[in-house]
Trainee: 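What follows is a single structure, and I will ask about it in a moment.
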Amino acid sequence: MTKETRTANNFIKNIVEKDVADGKHAGKVHTRFPPEPNGFLHVGHAKSICLNFGLAQSYAQGACNLRFDDTNPEKEEQTYIDAIKKDVEWLGFSWEGEVRYASEYFPQLFDFALELIGKGKAYVCSLTADQASEYRGTLKEAGKNSPFRERSIEENLDLFQRMRAGEFPDGAHVLRAKIDMSSPNMNMRDPILYRIRHIEHHQTGKAWCVYPMYDFTHPISDALEGITHSLCTLEFEGHRPLYDWVLDNITIPCHPQQIEFARLNLNYTVTSKRKLKRLVDEKRVDGWDDPRMPTIAGMRRRGFTPESIRSFCEAIGVTRSEGVVDVSMLEFAIREDLNERAPRAMCVLRPIKLTLSNYPEDKVEALSVPVHPNFPEMGERTVYWRKDLLIDQEDFAEEPPKKWKRLAPGGSVRMRGGYVITCEEVVKDAAGNVTEIIASYDDKTLGVNPVGYKASGVIHWISSVENVDLTVRLYDRLFTDESPDSGKAAEDFVQLINPDSLQVLANAKGEMSLANIAATLPYQFEREGYFCVDSSSSEGKLVYNRTVTLRDTWEKQGN
Ligand code: ATP
Ligand code: MG
């Protein structure tokens with residue numbers, strides 16, 4: 001995919017470009033990313049972050065705010081605020097000025113509500129929740145006016161002030177916009193603007209017991225911040241008339257343009273904070289940053305790079321048509337990035353002894369191999385050849401299938417970066433399991449294949465002495481089902497968890513270079529995949545996570 005086609009299908013970029021060319025908003029581009037701090041950010045949010053911050057970055061007069069949409073204190077927490085800030089920064093973006101909070105605007109929002117009441121455009125309604133939903137009507141049937149709709153401005157002002165003063169319990173009254181109970185758009189049927197909640201807020205403490213609704217808060221927050229383009233996902237399309245109504249009916253100089261785009265849906269993946277929270281709360285995963293989670297924190301721990309996530313977001317584009325993106329595109333993006341930058345190392349995940357019958361007992365050869373096959377400037381690393389080696393159990397078969405390219409009785413393979421060996425015999429335990437392979441090596445084969453020599457393949461290996469102990473976690477997709485997030489499976493999605501999504505190999509052995517190079521580097525373990533050090537690692541106890549396999553193994557299995 002070329003750079004051109006990647007940007008061509010971002011329709012919002014085209015709109016913004018035209019606006020800038022036309023001098024609309026005085027040539028300014030000011031966007032915002034407005035998460036609700038009620039969970040960790042996921043890959044869908046990454047799309048929105050890359051779009052909002054990315055757009056702002058591409059203009060000299062561009063800026064993007066980070067604003068917490070914190071009007072629902074029940075579900076919100078400081079932990080989430082901290083995690084979200086960290087994730088946005090990690091993705092490589094910086095916000096304009098200080099972090100903003102919708103809750104900072106509570107005083108202004110309250111005044112705008114008073115203005116609406118004063119203009120006869122909002123009223124205090126005292127229907128119970130059940131009554132209110134009955135009055136609301138249905139998609140086919142118009143709603144009915146609330147009996148409280150014609151309260152006088154004075155009574156409304158008085159009641160609203162007393163709601164704010166804490167005189168009424170939760171649910172006793174709400175403030176509603178006076179729009180149109182027969183509108184075909186349910187959002188316009190006198191929507192609630194304020195409700196009473198006697199609850200402490202993580203930012204404002206006990207200062208408020210009435211909280212503004214999202215549909216009232218959002219347009220005003222955007223306008224107060226001078227946002228030019230307010231980008232959101234398609235489910236808000238039906239809220240746009242209300243967004244505009246609010247701004248048209250209060251005294252505020254700025255009127256941002258709301259533009260909706262299709263949310264990111266990924267197959268084999270759940271992208272809903274509520275469902276991700278359930279996985280965490282039910283301990284089906286090891287927290288929000290479990291490397292199997294599609295959260296940004298999970299992907300970071302899994303070994304994804306910010307570059308790979310950004311290039312994925314660019315590749316999927318921005319359109320208005322709902323679709324499902326194949327998760328293999330995300331895996332492609334990280335492979336492509338790591339293939340370039342990851343140093344190589346040999347690591348034997350499931351070791352089995354391999355003894356060279358014709359190699360001296362006390363001899364050790366230090367062999368140099370390149371850190372990266374394509375970049376000599378990355379230097380050389382040392383691997384140690386001796387009589388006692390280890391190879392992976394999966395690289396040996398007593399009865400090999402056809403076209404076997406690894407080691408088998410009587411067969412020869414090249415040991416990567418080392419010599420060609422030939423399997424002579426195997427040693428078994430009482431149960432008949434192979435416990436050791438005896439092989440001979442050919443001392444004329446280091447780095448060369450003598451004429452007529454035939455080694456069937458190349459396998460990786462490690463010295464049984466010069467190595468570091470590793471625990472390796474092999475991660476696979478968290479769900480076996482292609483659409484765990486939709487349809488009949490919607491609430492049963494936990495039943496679709498892949499039982500093999502985590503495999504822990506506690507006896508892996510890695511080459512010595514793993515002990516020397518900065519632990520934060522992602523590695524390619526040759527023939528196995530890309531790996532990164534897990535955050536739970538400590539000195540002498542290295543844990544590596546498999547970020548992704550070298551090839552798309554799901555494709556092959558026909559999954
Ligand atoms: P969720 O659906 O996971 O609960 P949300 O929409 O409630 O997410 P917010 O914190 O309100 O989460 O989202 C912040 C911003 O990210 C919003 O502008 C929202 O439209 C956008 N966003 C959320 N999910 C996606 C997604 N899957 N694809 C693209 N943008 C998304
Ligand atoms: Mg939301």
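Atoms within each ligand, like the ligands themselves, are counted from 1 in listed order.
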Trainee: Is it the case that His218 and Arg32 place a side-chain donor and acceptor less than 3.5 Å from each other?
Mentor: yes
Trainee: For ligand 1, find out whether one of its N or O atoms is nearer than 3.5 Å to an N or O atom of Glu36.
Mentor: yes
Trainee: Testing the 3.5 Å rule here: is there a donor-acceptor pair between the side chains of Glu74 and Tyr211?
Mentor: no
Trainee: Tell me whether Arg320 is salt-bridged to Glu237, with the criterion being a basic N under 4.0 Å from an acidic carboxylate O.
Mentor: yes
Trainee: Would one find an N or O of Leu264, backbone or side chain, under 3.5 Å from an N or O of ligand 1?
Mentor: yes
Trainee: Number the atoms of ligand 1 from 1 as they appear, then name those within less than 4.0 Å of a heavy atom of Thr233, with their elements.
Mentor: 19 (C), 20 (O), 29 (C), 30 (N), 31 (C)
Trainee: Please report whether ligand 1 has a polar contact with Phe33, defined as an N or O pair separated by less than 3.5 Å (distance criterion only).
Mentor: no
Trainee: Hey, is ligand 1 close enough to His42 that some N/O pair sits below 3.5 Å?
Mentor: yes
Trainee: Going by the atom numbers of ligand 1, which of them fall below 4.0 Å from some non-hydrogen atom of Ser272?
Mentor: 3 (O)
Trainee: With side-chain hydrogen bond (donor to acceptor under 3.5 Å, both in side chains) as the test, pick out the partner of Asn38 among Lys75, Glu76, Lys273.
Mentor: Lys273
Trainee: Which one holds for Arg274 and ligand 1: side chain close, backbone close, both close, or neither close, with close meaning a heavy atom under 4.0 Å?
Mentor: neither
Trainee: Below 4.0 angstrom, N of the basic side chain to O of the carboxylate: do Lys121 and Glu115 qualify?
Mentor: no
Trainee: Ignoring hydrogens and angles, state whether a donor on the side chain of Tyr530 or Gln524 is under 3.5 Å from an acceptor on the partner side chain.
Mentor: yes
Trainee: Name the option, out of Glu235, Glu260, Lys273, Arg263, that contains the heavy atom nearest to atom 2 (O) of ligand 1.
Mentor: Arg263
